[in-house]
Every structure is written in structure tokens, then in C-alpha cells.
Undergrad: 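After the C-alpha cells below, expect a handful of questions from me.
Everything numeric in this text was worked out from a predicted model, so none of it was measured. We number each residue from 1, following the sequence as shown. Every number for a ligand or one of its atoms is a count from 1 in the order of the listing.
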Amino acid sequence: MEGRLIILGLAIVLSLATIPANCGYYSKTLPNVYKKERITKLHFFLFDILSGTKPTAVEVARANFAKGDKSPTPFSTVMAIDDPLREGPETTSKVVGNAQGLYVSSSSEPGTLGLVMYVDFGFTTGKFNGSSFTVVSRNPVTEGDRELAVVGGRGKFRLARGFAKLTTSYLNVTNGDAVIEYNVTLIHH
Ligand SMILES: *[C@@H]1O[C@H](CO)[C@@H](O)[C@H](O)[C@H]1NC(C)=O
Ligand SMILES: *[C@@H]1O[C@H](CO)[C@@H](O)[C@H](O)[C@H]1NC(C)=O
Ligand SMILES: *[C@@H]1O[C@H](CO)[C@@H](O)[C@H](O)[C@H]1NC(C)=O
């Protein structure tokens, strides 16, 4: 009888110890409701303009050794961008969004231009107005056709992942102005 009571007592103490699962900083772990995923493809042109009185990409830092370098984005240059995204490659083409963030010139190899991008691509018109996707990726510019990793998204692109295929549509190597064609494939909720 006494042994039984001790076991019952132990059982109560143990069950009390496991009760506060819902307090504090976490919820109960539940099955994933974001199971249904869809695919959306996007096509647009990014205008990265370094020249003139209204640049969309501005230098915020570079290493001392690159101070005298005349190329637009030598190794170590950090650029802040607010680049318009347009439907077509012409400067008069309709703006559908903007790409905001940073890129860093990350290739120390002479004669190459390699960037790492930390950029949020947001849309300001149509079905995806207010939604954005996020790129954190290498962009080996001198390789011609290239691919970026999409690591997340907001709004209609919540939980996005995917990739972007890029080609340079226009590049002025003297001042760094560029128009880049993007074909993006997004898997999202
Ligand atoms: C996009 O969304 C913003 C904020 O909700 C709104 O002010 C704007 O009118 C929308 N633009 C278009 C073209 O739908
Ligand atoms: C993007 O897709 C269009 C047609 O869907 C194609 O003409 C173009 O070459 C592609 N561009 C890139 C950069 O993949
Ligand atoms: C490229 O940029 C340089 C320097 O700003 C300018 O003089 C030249 O006209 C540009 N080339 C083209 C094709 O726009």
C-alpha cells in the first residue's frame, strides 16, 4: 500500500513537472500548415545606375588600397542600391518594383568582377504589389549567364525559395551602369 502511494506521488510530481509546456517563449510544436506550395515565374530588367546626378547605386565604402582605382567597383567596394525594376530593357519601360540593399565587390582576381548581393526585390504594381523576395548570393558578373539564390520572401512570397537566371543586357564598363535581365523562379506559399 505504502509502495503504491509513493509511486502515485512520483507520478503526480513527474506529470506536474511536464505541464508548463505552453509558458515562456515557445508554443507547442504543431504540424506545418504551410504545406501547399506554388511556383511563380517573374521576368524584369534591373537598372543599376552609378553615373549622373541621380544614381540608383552609390558607393558607401572601399578599402584604402582601392582608393586610386578608376574602375567603378574594384574589390572591397560596398554599394547601397535602390534600383528600379522595369518590364523591358528601355529606360522608358514601366517600373514594376525596386531592388534595395547592398552588394559588395568580392572578387580579388584581377580582370574579374564578382559581387555578393544582399538585396530585397520588392514590387509596387500588379498582383505582387507589396510583396518581395530576398537574394543572398554570389553574382559572378564577368561569367555572362549566371544564377542567384533566392532565400526568402514577404507577403505573397512568404517562405519563398528559388533561383534567378541573369544576363547582362547593357553594360558600360567605364562608369559601371548596367541593365540586367532577370528570370526568377520562386517556390512560395
Ligand atoms: C500598391 O500598394 C500600395 C500600398 O498598399 C498602394 O498605395 C498603391 O496604390 C498600390 N499600387 C498599385 C499600382 O496597385
Ligand atoms: C528569360 O526568359 C525569356 C523567355 O521566357 C528568354 O527569352 C530569355 O532569354 C530569358 N533570359 C534569361 C536571362 O534567362
Ligand atoms: C560610358 O560611360 C562613359 C563615362 O561616363 C561615357 O563617357 C560614355 O559615353 C558611356 N558610353 C556609352 C555607350 O553610353
Undergrad: Around atom NZ of Lys41, are there more than 12 heavy atoms of other residues, nucleotides or ligands at under 6.0 Å?
TA: no
Undergrad: Could you list the atoms of ligand 2 found under 4.0 angstrom from a heavy atom of Lys165?
TA: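 Atoms satisfying the 4.0 Å criterion: 13 (C), 14 (O).
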Undergrad: Pair up each side-chain donor or acceptor in residues 150-168 with any protein partner under 3.5 Å, not counting sequence neighbours, and list the distances.
TA:
from	atom 1	to	atom 2	distance (Å)
Arg154	NH1	Ser132	OG	2.9
Lys156	NZ	Lys127	O	3.4
Arg161	NH1	Glu37	OE2	2.8
Thr168	OG1	Arg146	NH1	3.2
Thr168	OG1	Arg146	NH2	3.3

Undergrad: State plainly whether one hydrophobic cluster holds both Phe44 and Met117, where clusters connect Ile, Leu, Val, Met, Phe, Trp and Tyr through side-chain heavy atoms under 4.5 angstrom apart.
TA: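 Same hydrophobic cluster.
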Undergrad: Might you list the protein residues in contact with ligand 3, defined as having a heavy atom under 4.0 Å from one of its atoms, sorted by chain and number?
TA: Tyr170, Asn172, Thr174, Asn175
Undergrad: In terms of hydrophobic clusters joined by side-chain contacts under 4.5 Å, are Tyr103 and Leu85 together?
TA: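 Yes, one cluster joins them.
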Undergrad: So does Arg62 have more than 12 non-hydrogen atoms from other groups sitting under 6.0 Å from CZ?
TA: yes
Undergrad: Spell out, yes or no, whether Phe128 and Val135 are grouped together once hydrophobic residues are joined by side-chain heavy atoms under 4.5 Å, including indirect joins.
TA: yes
Undergrad: Output the list of atoms in ligand 1 that are nearer than 4.0 Å to some heavy atom of Thr124, sorted by atom number.
TA: 11 (N), 12 (C), 13 (C)
Undergrad: Linking I/L/V/M/F/W/Y whenever their side-chain heavy atoms sit closer than 4.5 Å, directly or via other members, would Val179 and Leu46 fall into one cluster?
TA: no
Undergrad: Looking only at distances, can you tell me whether any N or O atom of Asn129, backbone or side chain, sits closer than 3.5 Å to an N or O atom of ligand 1?
TA: yes
Undergrad: Heavy-atom distances under 4.0 Å are what count here, so tell me which part of Asn183 touches ligand 2: side chain, backbone, both or neither.
TA: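 Only the side chain of Asn183 comes within reach of ligand 2.
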Undergrad: Does the plane of the ring in His189 sit parallel, tilted or perpendicular to the ring in Tyr34? Use 30° and 60° as the thresholds.
TA: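 Geometry flag for Tyr34 against His189: perpendicular rings.
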Undergrad: Under 4.0 Å from a heavy atom of Thr167: which atoms of ligand 2 are those, numbered in the order shown and with their elements?
TA: 13 (C)
